[in-house]
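All chains are named by letter (A, B, ...) in the order of the sequence lines, taking the proteins before the strands, and each is independently numbered beginning at 1.
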2 protein chains.
Amino acid sequence: MGTDPPDSRIACFERLCRQRRLPLTPQRRAVLRFVVEREDHPTADQVCEAVRPQLPGISRASVYRVLDMLVRIGMLTKVCHPGSAVRFDPRVGRHHHLVCLQCERIIDVEDPRLNRVPLPDVRGRGFQINDYHIHFRGICAACLGKKNTRARTTRPVGRPRAGHRTGPTNRSR
Amino acid sequence: MGTDPPDSRIACFERLCRQRRLPLTPQRRAVLRFVVEREDHPTADQVCEAVRPQLPGISRASVYRVLDMLVRIGMLTKVCHPGSAVRFDPRVGRHHHLVCLQCERIIDVEDPRLNRVPLPDVRGRGFQINDYHIHFRGICAACLGKKNTRARTTRPVGRPRAGHRTGPTNRSR
DNA sequence: TATCATCCGATATTTAATATCAATCACTCG
DNA sequence: CGAGTGATTGATATTAAATATCGGATGATA
């Protein structure tokens, strides 16, 4: 369902709104249309900028409100990664993400094998698992391209002690 | 390594600091000690409040700085979930999390089977996967206890159209 | 078209996190 | 043990993300 073409998703959204007696405003249409047409996962700010040309007066607050509403009715999901604002994902079915540690891009990934991950036995702890989601962390193609831009997680901290080796010698500053 | 007892982790931290010529300040000790002694994953603010009694003058900025430094040298990892501030996790090895959708508690989970998740074939897209991490979403024991406090994700939006059924009838309010 | 609940835009506010800078402190070396 | 040096600290200001408020506007229904 989260992978249907944009028009189908808009139609689904309109149906949902009518069912729930939620007004179908131009703001809501525009925000949803933008997010479902994007391959990546825009932040609220990106949505705001992108929608302004078509809806000149739209306010930031409305974008936040509409996005939140779209999440609540199940048209979008939120994804989040340390260091960046929350992003919105038009796919609500189970799928997973590649997260670039360098540019924070979030890329969808789907693989039938990933739907057969065993659930941990947490009954002893009384936790009820509803769903799961895998973050694959790494470096995306674009960032691998621009070499030597070191990933945040591997940035050396401090300076090596002169005369002592503490593992591989840190090269640059 | 992320599961060693607190004292061992503190010792490891001191070794790291000496190796990298990073000053070993009381603030750094206190912050690290607090996080490694906690079962849950405190936010920067929680760390700040908890450390104040022992280190009355510690500033919020220092807590942020110290936590950031501890992440960079590999003593902690950041975990994040939509709707709450970043949390800090003393376990740096591969492990996974139960995320309560209601109270946002984050609970560690480890299961050898979860270390054998197949990596998706993303070579075509040029993404280099370094590691992965699974979020199991659901409701924790404490929240299951206080019944009828509806989970955020299942909160009905809008009102059902009178006379029409749109799936399971919404019961409360 | 009239009615009414809801939503929108503008604004202010909260919260999380970062930047700046003088004074202090930890570490090293003599 | 004491001085020198560079990084850290605390205070403050600032940025950024997200939410709250409220009068006026708008969509849905009849």
Side-chain angles (χ1 to χ4, degrees), chain A residues 13-32 42-49 51-52 55-73 78 80-88 104 152 157-164 173, chain B residues 13-32 42-49 51-52 55-73 78-88 104 152 157-164:
Chain A
F13 165 65
E14 296 180 354
R15 213 176 316 128
L16 265 176
C17 283
R18 272 188 286 272
Q19 284 173 352
R20 300 181 185 218
R21 321 197 84 174
L22 294 168
L24 228 159
T25 66
Q27 290 85 350
R28 286 175 175 175
R29 281 178 202 275
V31 167
L32 177 62
T43 63
D45 246 26
Q46 291 172 322
V47 173
C48 199
E49 282 179 36
V51 169
R52 279 261 162 80
L55 237 71
I58 194 169
S59 74
R60 202 167 299 267
S62 288
V63 171
Y64 276 99
R65 269 186 307 232
V66 169
L67 286 169
D68 192 56
M69 174 265 197
L70 290 170
V71 169
R72 291 204 318 274
I73 68 173
K78 283 183 175 181
C80 136
H81 183 69
S84 77
V86 169
R87 290 161 181 282
F88 293 86
E104 284 161 0
R152 186 162 316 167
V157 176
R159 290 162 310 154
R161 179 195 294 273
H164 291 197
R173 315 195 83 281
Chain B
F13 165 65
E14 296 179 355
R15 215 177 313 126
L16 266 174
C17 283
R18 272 187 287 271
Q19 284 174 353
R20 302 183 183 215
R21 320 197 86 177
L22 294 168
L24 229 158
T25 65
Q27 291 85 351
R28 287 175 174 174
R29 282 178 201 274
V31 167
L32 178 62
T43 64
D45 246 27
Q46 290 173 322
V47 173
C48 199
E49 282 179 36
V51 169
R52 280 261 163 80
L55 237 71
I58 195 170
S59 73
R60 203 166 299 265
S62 289
V63 171
Y64 276 99
R65 271 186 305 234
V66 169
L67 286 169
D68 192 55
M69 173 266 196
L70 291 170
V71 169
R72 291 206 316 274
I73 68 174
K78 283 184 177 183
V79 300
C80 136
H81 182 70
S84 78
V86 169
R87 288 161 182 281
F88 293 86
E104 283 161 1
R152 186 161 315 165
V157 175
R159 289 161 310 153
R161 180 196 292 273
H164 292 197

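In this structure, CZ of A/Arg21 is placed 13 Å from P of C/dC7, rounded to the nearest angstrom. Atom CD of B/Glu14 and atom P of C/dA26 are 14 Å apart (whole Å). One can place CG of B/Leu16 at 17 Å from C1' of C/dC27, the figure rounded to the nearest angstrom. Distance CG (B/Leu67) to P (D/dT8): 15 Å, rounded to an integer number of Å. The CZ atom of B/Arg52 sits 12 Å away from the C1' atom of D/dA11 (whole-angstrom rounding). Taking atom CG of residue A/Leu70 and atom C1' of nucleotide C/dC7, one finds them 14 Å apart after rounding to whole Å. We find that CE of B/Met69 is positioned 19 Å from C1' of C/dA17, with the value rounded to whole Å. With rounding to whole Å, B/Leu32 atom CG is found 16 Å from D/dT8 atom P.
Take A/Cys80 and apply the disulfide (SG to SG under 2.5 Å) test, not counting sequence neighbours, and it matches B/Cys80. Contacts of B/Tyr64 classified as side chain to side chain contact (heavy atoms under 4.5 Å, CB included), with partners at least two apart in sequence or in another chain: B/Ala44, B/Arg60. Every residue two or more places apart in sequence or in another chain that forms a side chain to side chain contact (heavy atoms under 4.5 Å, CB included) with B/Glu14 is listed here: B/Ile10, B/Arg18, B/Leu24, B/Arg29. Every residue meeting the side chain to side chain contact (heavy atoms under 4.5 Å, CB included) condition with A/Ala61, not counting sequence neighbours, appears here in chain and number order: A/Ser59, A/Arg65. For A/Pro23, the side chain to side chain contact (heavy atoms under 4.5 Å, CB included) criterion is met by A/Thr25, A/Arg28, not counting sequence neighbours.
An angle of 40°, rounded to 10°, separates the two end axes of the helix from C/dT1-D/dA30 to C/dG30-D/dC1, each defined over five pairs.
B/His81 places none of its side-chain heavy atoms less than 4.5 Å from the side chain of B/Arg87. With a 4.5 Å cut-off on side-chain heavy atoms, B/Ile73 and B/Leu22 count as touching.
Phosphate proximity of C/dC7 to A/Arg28: present, with a side-chain N or O under 4.0 Å from OP1 or OP2. Between B/Gln27 and C/dA26, a side-chain N or O to OP1/OP2 separation shorter than 4.0 Å is absent. For A/Ser59 and C/dA10, the shortest distance from a side-chain N or O to OP1 or OP2 is not below 4.0 Å.
The B/Pro23 side chain lies nearest to D/dT8 when the options are D/dG10, D/dT8, C/dG9. Of the candidate nucleotides D/dG10, C/dC27, C/dC8, C/dC27 has the atom lying nearest to any side-chain atom of B/Leu24.
The distance from the CZ atom of A/Arg72 to the CZ atom of A/Arg20 is 10.0 Å, given to the nearest 0.5 Å.
Between the side chain of A/Glu49 and the backbone N or O of A/Gln46, no donor-acceptor pair lies under 3.5 Å.
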Protein proximity profile, nucleotides 12-26 of chain D - base contact B, sugar-phosphate-only contact S, no contact -, cut-off 4.0 Å on heavy atoms: -----SBBBB-----

